[in-house]
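These notes concern the structure reproduced below.
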2 protein chains.
Amino acid sequence: MADSDKTNTQRRQFLKFSGMLMGGAAVSGLSQPLLAKTQLSPTFTPPSADNPIRINFNENPLGMSPKAQAVAKETIAISNRYPMKEMFELRKQLADQYSMPETAVILTLGATEGIRVVIEALAAANVQLVAPELTFSAAEDYARSNGMKITRVPMTKTWDIDLAAMKKAVADYKGPSVVYLVNPNNPTGAICKAAEVEAWINSKPANTLFMMDEAYAEFADDPNFRSVAPLLKAGADNVILLKTFSKLFAMAGMRVGYAVATPALIAKLQPKIGDNLLNYCGIKAAMVSLKDEAFIKYSRASNDTSRKILLQALNALNISYVPSNTNFIFHKLNVPLKEYQEHMKQAGILVGRAFPPADDYCRVSLGTPEEMTYVAKVMLEFGKKGWI
Amino acid sequence: MADSDKTNTQRRQFLKFSGMLMGGAAVSGLSQPLLAKTQLSPTFTPPSADNPIRINFNENPLGMSPKAQAVAKETIAISNRYPMKEMFELRKQLADQYSMPETAVILTLGATEGIRVVIEALAAANVQLVAPELTFSAAEDYARSNGMKITRVPMTKTWDIDLAAMKKAVADYKGPSVVYLVNPNNPTGAICKAAEVEAWINSKPANTLFMMDEAYAEFADDPNFRSVAPLLKAGADNVILLKTFSKLFAMAGMRVGYAVATPALIAKLQPKIGDNLLNYCGIKAAMVSLKDEAFIKYSRASNDTSRKILLQALNALNISYVPSNTNFIFHKLNVPLKEYQEHMKQAGILVGRAFPPADDYCRVSLGTPEEMTYVAKVMLEFGKKGWI
């Protein structure tokens, strides 16, 4: 599909979906079994090796908000300029959203640069990183290259983060600790309960900083999930919140994210970025995306629909999975992952990589509802063949 | 001016200029005094407070190559994806250009991230950064925040880099040294002579790494300038070359650059970036820009014309300047910089900031030839008023 066709398709889908939302028929509220009801449209192009269904990198399949795409396109003509003023404008917009001072926010390249600068700012030979065994790997990678001690905490039997064991790892250690929590977690999709997280943070363990990565938070629908943003607003000085525009806002390729913490903590991170800037298009797209309520609603509802479609297939196949609060589902396999990946690839579908030690699980990101309808049908066929 | 108008104007200017180049009337070869010959076109919009002539940040006024703009626009529709494959493609393209292996290249956010990762990879309390007193400040900033010793070497009386004094600073120091050379230098525009630079590098001073920032190299026309690229190709293991797409390619807002060195050195830099990516539009625009010979010719010729226009004005005013091998000119002032900046601002022109210790100099970036014709006229008026 040519890219201009892609834009048009994205816009059409968005308008159709917006109309449904406005009309009250929110897709997430449909009571009929979705899998039976959702039909592939006549224009749906089955995937191929050249144009696969990409559900391997937790990308948002919708494309950026049409308004964000429009402003990004306009910005290309002025991308010979450095976006200094615009960096401050985006920071101000974010600070206002969190009801925090501007000095409590720093812009980063996705959440990944947030992880880098936190680790670099706090690293020392006597500092330990405490991280779940199964989580986004960047924190551990940066900690290792910065000579930190790394304490990996095994998961529970249900692939939840073992908060009690993490607490113990902090309490047992003599030096300072950086606790890394991705909430909801990647690659499992599971949440840590807000009550437990907040109690731990509020207990203010000595020499401990909580690096809270909420990349997927907007997709969470478990009422036990809460962002740490209210703690920050209340003045918590032992938390750094990391966010990205890659997921809800479908801006993975634009590389925009940010960190929120006390101005004193943010001031420690700043020298690790220096005067370097984000890209002009990304900054402008982020400013527009934050205000695009219709797209935010669409993005969440579409993900919710896709999740329901995939869960129906997994339930029909009697395959277990970790309850998902994200834009992906971590499901069990009865066959080796490599075989499953290969069969999926032959069907034009790219699924997630191996995530040891969960070797008999696969992470499947959520594509569009139509893509997931196709994937679900493929999964049901795989079920008959004993390929899943 | 609306941004779509901006694109159209950029395209028109490019086509006009390309036509002139093809026709053999290369602007850089005009023999008549340019200032007298170059007229403001009837469509030229005089600058205003809202739409000033921006010659304060060494940006390329032309806008990106039309081909690069087109591909960047197309890429927005797929910027919900991570550009992993494309990172490798751009790296391969650059490696081929330098006749080096792919592992000898690492992509960075402009040259600035190159500086960051070199400093971070090599920093230790006993390592000194040796840098000219008057140069791009990022190296010193990162060195300071990483606890390195900083040795600032005063400039010569003509604002040249004092290579002999830099050599002495390295020779006199017991620990390892990182030598930072911006060549041609910013904010002066002066070159270090290739023969001297190469002799120093080839002498392989013990424990010394040369961080060579060639952000402006394509604008150099002094035959004594040479890139260190041939040294790298010949296997030099004590040099890291830093490059950016911000200047020649007018991509400042896209944040794309790279470093070239031995694979062993690049492998040391890699963990300081980790798995983080550049933005999709920037990567695609860079790949196209590298191959756009017409734009490269246009960009150089336009800068050359603008430089000639500004030099004629400075000569007419009998104002001295550092010979420029860049897209800016560092010229002397007979009035305080603040007054000059303010008068220029009132005329709709934004000029460079203070660069101590050269307190009686101003750095003026080169706009389009038309903009520089306007700036030159303003300067001549300032001359009559004693404002320059």
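Proteins come first, then strands; the chains are lettered A, B, ... in the order of their sequence lines, and each starts at number 1.
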Side-chain donor-acceptor pairs of residues 348-356 of chain A under 3.5 Å, sequence neighbours excluded:
none

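Contacts of B:R144 with chain A are absent, with no heavy-atom separation under 4.5 Å from either backbone or side chain. Heavy atoms closer than 4.5 Å to chain A are found in the backbone of B:I273, but not in its side chain. Only the backbone of A:L278 comes within less than 4.5 Å of a heavy atom of chain B; no side-chain atom from C-beta onward does.
At a heavy-atom cut-off of under 4.5 Å, chain B is reached by A:R116, A:E120 from residues 115-125 of chain A, listed in order of number.
Here A:N276 is the residue among A:L277, A:N276, A:T112 with the most heavy-atom pairs under 4.5 Å with chain B. Ranked by heavy-atom pairs shorter than 4.5 Å toward chain A, the options B:A72, B:P83, B:G110, B:A285 are led by B:A72. Ranked by heavy-atom pairs under 4.5 Å with chain B, the first of A:N60, A:D275, A:L62 is A:N60. Looking only at heavy-atom pairs under 4.5 Å with chain A, the residue among B:E113, B:K272, B:M64 that has the most is B:K272. The candidate with the highest count of non-hydrogen atom pairs below 4.5 Å against chain A, out of B:S79, B:S246, B:A68, is B:S79. Contact count versus chain A (heavy atoms, under 4.5 Å) is highest, among B:G282, B:A250, B:A138, for B:A250.
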Stepwise side chain to side chain contact (heavy atoms under 4.5 Å, CB included) test for A:Y280 and B:M251:
CA-CA 10 Å; A:Y280 213 146; B:M251 284 177 53; over 6 Å; no

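Sorted by first and then second residue, the salt bridge (Lys or Arg N to Asp or Glu O under 4.0 Å) pairs involving residues 55-71 of chain A (not counting sequence neighbours) are A:E59-B:R81.
Distance alone, capped at 3.5 Å, places no donor-acceptor pair between the A:Y142 side chain and the B:P271 backbone.
Distance check: A:N80 CG to B:F57 CZ gives 13.0 Å after rounding to the nearest 0.5 Å. A distance of 12.5 Å separates CZ in B:R255 from SG in A:C281, rounded to the nearest 0.5 Å. Here the CD-CD1 distance, from A:Q69 to B:I76, works out to 7.5 Å after rounding to the nearest 0.5 Å. A distance of 11.5 Å separates CG in B:N56 from OH in A:Y82, rounded to the nearest 0.5 Å.
Among residues two or more places apart in sequence or in another chain, the ring-ring contact (aromatic ring centres under 6.0 Å, His included) test is passed with A:F249 by A:F245.
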